[in-house]
Amino acid sequence: MTKGTEQNCGNNSYRPLEYYNCWRRIFLYIVTHIFYMLRFKLIYRLEVQGKENIPKDNQFIIAANHLSTLDPPLVCAVMNKGVSYMAKIELFENPFMRWWLNWLGAFAVDRDNVSVSTMKTVKVIKNTKDWVLGIFPQGTRQNIGEIRDITKGFASIAKSNKCGILPMGIIGTQDAKWIPFSGKIVVKIGEIIPYSNDIDEMISKWGESISSLTGYKYTAKVHQ
């Protein structure tokens, strides 16, 4: 990527196609599939179920429940594609975090006012070969055992981009562990939820799917 493009990426929400290049993909792979995966395997005894449900094409977004800061690299580690996340714009105010997030393929989003440039980046990701969009529909980390406080944004994105939603249930990342084999993480990947013009229906199907995958209780209360 050119220097000009890199500078324009700062904390702006727009990412051009050349942003998702092979170097960023390699960097993400090293961080998540090597360093983080060693931790997941040796400390958390990671178990992944349902990888056969991952579509072969690029016409989907990943939507997982959210328990801890381990969840974003975990989702990346179990996928055979790069996963680009929307990260709250405040994180990009720190120079190191901005550099780190940029190299991991993330882009800034103002949760109170999703801009046109954010939606353009979503379309760019859809048109890449090796990247997909990753979203945590609950917006922030949640209490264990509950699926609630779901925001509508992920379903709106699926509708506007005609993308299916791949539900991913995460269990066991809430407790920080450091002793080998002292933890247990299970990732369950559900069947794709086809996009629909009915946003509420997609949200309900996602909540029910995550509840089935994790055993957590789904509370059908949606945040705007």
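In what follows, residues are counted from 1 in the order of the sequence shown.
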Once you round to the nearest 0.5 Å, how far does [atom1] of [X] lie from [atom2] of [Y]?
X: I193; Y: W206; atom1: CD1; atom2: CH2; answer: 9.0 Å
X: K205; Y: E191; atom1: NZ; atom2: CD; answer: 11.5 Å
X: D130; Y: Y29; atom1: CG; atom2: OH; answer: 12.5 Å

Ring centroid separation for F27 and W100, is it under 6.0 angstrom?
-> yes
Would you find a donor on one side and an acceptor on the other, under 3.5 Å apart, between the side chain of [X] and the backbone of [Y]?
X: H66; Y: I170; value: no
X: T32; Y: P73; value: no
X: R24; Y: N102; value: yes
X: T151; Y: Q138; value: no

Within 45° cone and under 6.0 Å: R15 NZ/CZ vs Y20 ring = no
Work out which heavy atom in [X] is nearest to a heavy atom in [Y]; give both atom names and the distance.
X: I210; Y: G169; result: CD1-N, 3.9 Å
X: C76; Y: V83; result: SG-CB, 3.7 Å
X: G172; Y: I185; result: O-CG1, 3.8 Å
X: A106; Y: Y19; result: O-OH, 3.0 Å
X: K81; Y: K129; result: NZ-O, 3.3 Å
X: Q174; Y: S68; result: CA-CB, 4.2 Å

Among V122, N161, T128, whose side chain to side chain contact (heavy atoms under 4.5 Å, CB included) with L133 holds?
-> V122
Would you find more than 12 non-hydrogen atoms of other residues, nucleotides or ligands less than 6.0 Å from I34 atom CD1?
-> yes
So with a 6.0 Å cut-off around OH of Y36, is the heavy-atom count from everything else above 12?
-> no
Under the salt bridge (Lys or Arg N to Asp or Glu O under 4.0 Å) rule, collect the residues that match up with K184, sequence neighbours excluded.
-> E47
Within-4.5 Å side-chain heavy-atom neighbours: L101 and Y85 | no
Is there a path of hydrophobic side-chain contacts, each under 4.5 Å between heavy atoms of I, L, V, M, F, W or Y residues, that connects L38 with V75?
-> no
Salt bridge check: are K152 and D200 linked by an N-O gap of less than 4.0 Å?
-> yes
